[in-house]
Each structure stands twice: as C-alpha cells, then as structure tokens.
Amino acid sequence: MKRNLGLVLSISLLAFIVLYFFFLGNIGLLDVDEPRYAEAGREMLESGDWIVPYFNYVVRYDKPVFFYWLEALSMAAFGVNEFSARLPSVLCALICVYFLYTFLNRFYGSTCALIGSLILMSSLEFAALARFSVTDMTLSCFISSAFFCFFLGYDQILNSHKVFKHQIKEFTYWYLLGFIFLACAFLTKGPVSIVLVSLTFLPFFWWIGKTDYFLKSKAFWVGFLLFIALILPWYIAVHNATNGDFTNTFFGLHNFDRYTKVVSGHKGNYFYFIPVVLIGFLPWIFFLPQSIWSLFKRGLRVLQTSSKDQVPWFCFWWFLVIFLFFSVSKTKLLTYILPVFPALSILVAIWFDGLIKKGKSNLGVVIGLGVFFLICIILLYVCLFQLNIIMPRELKTLKLDFQILTLAFLLFVGVSMAWASSQKDLSLTFTIILSTFFLTYFLSISLLLPKIDKHSQYLLRTFAKDMPRDVEISTYQIVKPSLTFYAKRKIGKIDNFKKLQERINSEKKFAFVTKKTFLEGKTLINVSKWGSDNRYVFYTNYGKIESTKNNEPIKKKENIEPIIPQVSQPIKKKVEVKPTPTPPKELTKKKVEIKPINKPVVEKQKKKSRINSFFRRKTGT
C-alpha cells in the first residue's frame, strides 16, 4: 500500500473535488444567511449597480462588496439558481486547498501535501461550508492563502543568499500575491482580515527575530501599496454613494459593535468554540493532540534552524491567535472559526506523513482510533434505541431512522476497520478513514439532506415562485429571505395583527406566510388558504389560484364576506371562518329561549314523588 500511496491519494483528491460539486444545486437556499448573499448578488446583476449592495431592494450595510461581485458574476455565467449561488464558495475552497498543497509541497514533499489537502477537504466544517453561499469560506480562503504566500515569500528571501544584506535585496512576488489576497479579504469582510494577519505574523516573526525579512523588503512595501490601491477605490465610492452611511454602519455596528457587544442574539461564552473545533475537525480531531504533543517534544530550538522547522510552530500560532481572538468576541457564530482548519490540517498532515515514512505503528494513532471507536458505539446505540428522543419534533414525521442508522453503521464499520489496521499499515489506515468520510459525505448530500430540505422549505419556495407578479407578498412575524430570492421582488414584513387584517381587506392582491402558532386564537376575515406544511401556513386575499405543480388547481375556500365591518379583537377560533347561514324570516320574528334542564333537580323531584306515593299507600289516602 505504501508504494502506491501517492497514486491513491491523487485519485482521492480528484474524487473529493468532484464530490464538492455533486448535487450542489439540488438543495434550495437555506434561510436565513444563504438567500441574503445570493439575493444581493442577483439584485446587483439586475440593477447594474456594482458599487452599493442591496438586499430586498434596500441598501445592505452588513458586508463589503467582493462576495456579491462573485455571486453576480456566477449568476451571469450560469443563471440565477442555487448552483451559481454556491459556486463561489466551492471555488474558494478549492483555491485554499491548492495553496495549502503548494505550501506543504515546498517544505515536505508531494505526499505530505496530498495528505494535508485531503485532511482539509474531509474536515466536517470545511466540507460543509464549501457548499453554502456565505462569506466565511471566501474569507477563510483569502486569509489562509495570504498566510501561505507571505511565508513562502519569507522562505524565498531567507534561502536566496547566505548574507542578510544580499537576501533582503531579493524581490519576491509571493509578497505581492499575499497582499492581493489580503485586499480581497478586506473587500469581503472588512478590517478583521488585517487584524488576524497582523496578530499572527508580527508577533511570530518578532519572536523568532525575522521581522526584517518583511519590513526591510522592497517587495513587501510594493505589495502594501498595491493593497491600498485595491481597497480604497470601492470604499471611497460606496462612502460617497451612501453619504457616509455605509462607512458608519459597517465599521461601527458590524465590526466594532459585533466584537464588543452581542449583535442579533449571537452570543456565547469563552468556551463557545471548543466544541465547534472538536466537531468541525472530525474525523481528524482524534489525532490533533498527538500532533501538537509531537511538536512540543521537538522544542523551541528548531525555530532557529530552518524555515521548514518553523512551519509547524507557525501553524500552531496561527490556530491559537484566531481561536483566542474569536473566543474573546462578544458576538459568536459557528462559522467564525473556519480559518483555523487549514492550520490544523497542516499540523496533522506533518505528523501523519512522518509516521507513514517511518513505516511503524504508533500508539497515538491506536489510542485516537480507539476513542473514535467508543464514540461510534455510543452513536450507534443512540441511533438504534434513543433516536426518537433526541430527534427534533419537526423531523420525526420524515421517517429518517433508516438513513441516519445507515450513516451511523457505516461510520462504525469504517472506524473499526481503520482501528484494526492501525497496528499494521498506517497508509491503509489513512485511506480507510478517508474513504469512510467520503461515503458518509456522499450519502448525506444525496439521501439525507434532500429529504430534510423538502420537508423544511420546499413549500415556501413553491409559494414564492408561484405567486403572480401583481401579487404583493409579505411575512407575518417571521423573517424568510429566501422569499425575496425565489419571488424576485420586494417582500414586506408585518408584525401587527390589525395591520395584517387591514392589508388583507385592501383591494390589491396580497399573499402572506407565517407560522401556524402565530395565528392560534386569532381569526382572519377575507382570506383564502393557499396551502400549509408542518410549520408554515400560506394565505391570499383573493380567489382560487392554480399551482404550477402538475397544472392542477389547489382547492381552497372561496372568498368570505366579512361578518363585521372590522376585526379589531382576536377571536378564539383558527383562521378558517365559515359564513354564518341566514335563517328564514319566519324564524327570526321571535326569539325562543330554551333553558337547559337541570338534571339534579329533576332527580330530586322524582324521588320526592316516589316517597309521597309510598305514604299514601300506607295511610290509605
């Protein structure tokens, strides 16, 4: 197996690249983040305004423009659909993998580079976010690529000559490319990119006494000027176009306030990202402690020997800085920590590559897989006997037991085989782990996710697509950005029940969606039910419409004449209200009041009558 490892790893890498594109557009955009970015790109393409980003036809201050440019260009090339919305994330993931391969190949050879690339592509969070239309993968790609380029530039200068005064004259294009990636990151998510790169590079190279290889390099400052030239034009243009509102809101609310305060309810304690890393770096997290321990055993003296020996320590520092930076932040999201996974992949790849080259079994691999095996047993037990308890109530009706159990059993078998081979052939062990994740990933995106998607938002998308252009669409007390993307129009939001009824009573055609629970104990007048699923219910204020599905009309209640002029107070019945039938005139002339019979009184009277009859018979009266 060891002799053919390079070929096996190359084929595996190609298979993962194909898998990243597999079924990319078969699942609808998931609320709330994906449709926001996709719709901003669509509106940019529709309006032709490439300076100011819009969402729901309102200026969007949340993020800079670069990711919207990628979305708009993708949609211009492949149409407005889910595939084109997610394509930029997949391409950025592959760019990150390419530069990681280039980086490791420079210092450790092609085998280690292939191992590192496959570890990154098979990491749970990286593989998942590569298929989502969000900015985090793009930011992670640009920051990681900037790290790789700056370090490769430093290595080129360091090894160009033996004397520093001649080394520093070396002009490296890696610095220029690094600043280009940094500019792209700044245009994707703002100043956080500069903060992360500065906090990683400056302390590390000051620690090893190599800051002069940057600060005294002509290429470094040329790259810095290129960085300024790339970011300033758009920031100045959007500042002028919005009269400074974008600058104040983006740098204030969406940067400073997000770090110092909780924004949009996304809070978490200082330990928030520990489980995120533990789960997000599956299945390789079981080998991370051994990799870090191996690094510590080598000590700090290796930092002064060569740039190759500095790589693991640099990656560990890279991970530590980003992890601590976002742990201190008040606003937290699962995706913030994504830039640490390339660094962790390199650490594990260097350790694994060293073990494979030695050709000996390692206790760290055996222990790691042993822990993984025990977790798989617990997972399999839960799926067999406790699945109905832990599964969300909304997913129980989907009957996903077989699919989930199949994935758990596959994981159990794969880890068992890897554990069994770990004492004989580590290259075979690595291949088995990789194959297990590949099959699990493939089955998840082909069998499990489409069924969940159809359950969760299929009717919502159908509703948005089927509504004619002359119908105004709104939501009631919910936020669903996917409506804007699929309806291709502005979506209103109503939070007051009285205003909702007033909007229904208007002459203009109107449709809305809400959660079923929000209408409990309330009555709507003049509504026609369009449809419903487990969570949402859809209404219009006009008569029967036809569905595009099978060209069959959907049965609905016809329009209802209001019983009272206005509905200002909630009524205890649900939404469907039937008209009160008009009684005949002869029955309306006189009201007849029928009192209910009091059963205890009747029984008492009967008992008293029986007693009187008994005494009459005894007395003869």
Side-chain angles (χ1 to χ4, degrees), residues 32-33 62-63 96 119-120 123-129 132 134-144 146-147 185-186 188-204 206-207 250-296 300 312-348 368 371-372 375 378 390:
V32 294
D33 289 329
D62 292 46
K63 299 291 184 295
C96 184
I119 288 175
L120 180 61
S123 299
L124 181 60
E125 183 165 337
F126 189 88
L129 292 179
F132 280 83
V134 291
T135 57
D136 299 277
M137 180 55 73
T138 306
L139 177 69
S140 179
C141 164
F142 292 148
I143 288 180
S144 301
F147 282 153
F186 196 90
T188 299
K189 229 171 180 181
V192 66
S193 56
I194 293 183
V195 173
L196 293 178
V197 172
S198 300
L199 289 177
T200 302
F201 263 92
L202 293 179
F204 179 80
W206 172 81
W207 180 27
F250 173 67
F251 287 98
L253 172 64
H254 295 292
N255 280 272
F256 183 77
D257 285 355
R258 276 184 180 271
Y259 196 78
T260 57
K261 303 175 185 176
V262 176
V263 176
S264 303
H266 301 305
K267 60 182 179 179
N269 56 34
Y270 292 113
F271 308 104
Y272 178 89
F273 287 111
I274 293 178
V276 176
V277 172
L278 293 177
I279 297 174
F281 198 50
L282 285 172
W284 309 105
I285 189 64
F286 298 100
F287 311 111
L288 182 61
Q290 300 91 311
S291 305
I292 296 175
W293 176 247
S294 174
L295 175 63
F296 284 172
L300 298 175
W313 280 107
F314 171 72
C315 291
F316 178 73
W317 178 250
W318 167 357
F319 158 71
L320 201 61
V321 166
I322 296 179
F323 180 84
L324 293 177
F325 177 81
F326 286 116
S327 295
V328 174
S329 173
K330 296 295 184 180
T331 302
K332 291 181 173 67
L333 282 173
L334 300 176
T335 56
Y336 285 175
I337 206 70
L338 185 62
V340 305
F341 293 109
L344 298 182
S345 300
I346 292 173
L347 287 173
V348 176
V371 175
F372 199 1
I375 292 176
I378 296 172
I390 64 171

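Atom set for the values below is all heavy atoms of this structure, side chains included, hydrogens, waters and symmetry mates excluded.
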**Q** Identify, with sequence neighbours excluded, every residue that meets side chain to side chain donor-acceptor pair (under 3.5 Å) alongside Ser193.
**A**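 Not a single residue meets the side chain to side chain donor-acceptor pair (under 3.5 Å) criterion with Ser193.
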
**Q** Check side chain to side chain contact (heavy atoms under 4.5 Å, CB included) between Gln290 and all other residues, then give those that pass, not counting sequence neighbours.
**A**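 Scan of Gln290 (side chain to side chain contact (heavy atoms under 4.5 Å, CB included), adjacent residues dropped) gives Phe287, Trp351.
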
**Q** Tell me every residue that passes side chain to side chain contact (heavy atoms under 4.5 Å, CB included) with Trp293, counting only those two or more places apart in sequence or in another chain.
**A**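 Lys297.
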
**Q** Can you list the residues that meet the ring pair (Phe, Tyr, Trp, His ring centres under 6.0 Å) rule with Tyr336, with sequence neighbours excluded?
**A**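 Tyr336 satisfies ring pair (Phe, Tyr, Trp, His ring centres under 6.0 Å) with Phe326 only.
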
**Q** Phe286 vs Phe372 aromatic rings, parallel, tilted or perpendicular, using cut-offs 30° and 60°?
**A**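 Phe286 vs Phe372 ring planes: parallel.
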
**Q** In chain order, what residues pass the side chain to side chain contact (heavy atoms under 4.5 Å, CB included) check against Pro191, with sequence neighbours excluded?
**A**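 Applying side chain to side chain contact (heavy atoms under 4.5 Å, CB included) to Pro191 gives Phe186, Phe250, Phe251, Asn255.
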
**Q** Heavy atoms, side chains only, cut-off 4.5 Å: are Leu333 and Asp136 in contact?
**A**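 Answer no - side chains too far apart.
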
**Q** Taking side chain as C-beta onward, heavy atoms only, is Val276 less than 4.5 Å from Lys332?
**A**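 Sidechains of Lys332 and Val276: no contact.
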
**Q** Examine distances only and state if a side-chain atom of Ser327 and a backbone atom of Phe271 form a donor-acceptor pair shorter than 3.5 Å.
**A**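 Absent.
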
**Q** Which pairs pass side-chain hydrogen bond (donor to acceptor under 3.5 Å, both in side chains) with one or both residues in residues 277-288, sequence neighbours excluded?
**A**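 Non-adjacent pairs meeting side-chain hydrogen bond (donor to acceptor under 3.5 Å, both in side chains): Ser122-Trp284.
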
**Q** Find out whether Ser345 and Phe281 are in side-chain contact, i.e. whether some heavy atom of one side chain is under 4.5 Å from a heavy atom of the other.
**A**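 Of all side-chain heavy-atom pairs linking Phe281 with Ser345, at least one is under 4.5 Å.
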
**Q** Could you work out, with ring pair (Phe, Tyr, Trp, His ring centres under 6.0 Å) as the rule, every residue matching Phe323, not counting sequence neighbours?
**A**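 Result, ring pair (Phe, Tyr, Trp, His ring centres under 6.0 Å) vs Phe323: Phe319.
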
**Q** Distance from Cys96 atom SG to Phe126 atom CZ, nearest 0.5 Å?
**A**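 Rounded to the nearest 0.5 Å, the SG-CZ separation comes out at 4.5 Å.
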
**Q** Report the residues that fulfil side chain to side chain contact (heavy atoms under 4.5 Å, CB included) with Val328, sequence neighbours left out, ordered by chain and then residue number.
**A**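 Tyr259.
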
**Q** Sequence neighbours left out, what passes salt bridge (Lys or Arg N to Asp or Glu O under 4.0 Å) with Lys63? Give chain and number order.
**A**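 Residues passing salt bridge (Lys or Arg N to Asp or Glu O under 4.0 Å) with Lys63: none at all.
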
**Q** Check ring pair (Phe, Tyr, Trp, His ring centres under 6.0 Å) between Phe296 and all other residues, then give those that pass, not counting sequence neighbours.
**A**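 Result, ring pair (Phe, Tyr, Trp, His ring centres under 6.0 Å) vs Phe296: Trp313, Phe316.
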
**Q** I'd like to check the ring pair (Phe, Tyr, Trp, His ring centres under 6.0 Å) partners of Tyr270; sequence neighbours left out, ordered by chain and number.
**A**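 Ring pair (Phe, Tyr, Trp, His ring centres under 6.0 Å) list for Tyr270, sorted by chain: empty.
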
**Q** Could you pull out the closest heavy-atom pair between Leu199 and Phe325, with the gap in Å?
**A**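 Scanning both residues, the minimum pair turns out to be CD1-CD1, 4.0 Å.
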
**Q** Could you list the residues that satisfy side chain to side chain donor-acceptor pair (under 3.5 Å) with Trp318, not counting sequence neighbours?
**A**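 Partners of Trp318 under the side chain to side chain donor-acceptor pair (under 3.5 Å) test: none.
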
**Q** Give the C-alpha distance, both sets of side-chain angles, the deciding distance and a yes or no for side-chain contact (heavy atoms from CB on, under 4.5 Å) between Thr335 and Phe132.
**A** CA-CA 11 Å; Thr335 56; Phe132 280 83; over 6 Å; no

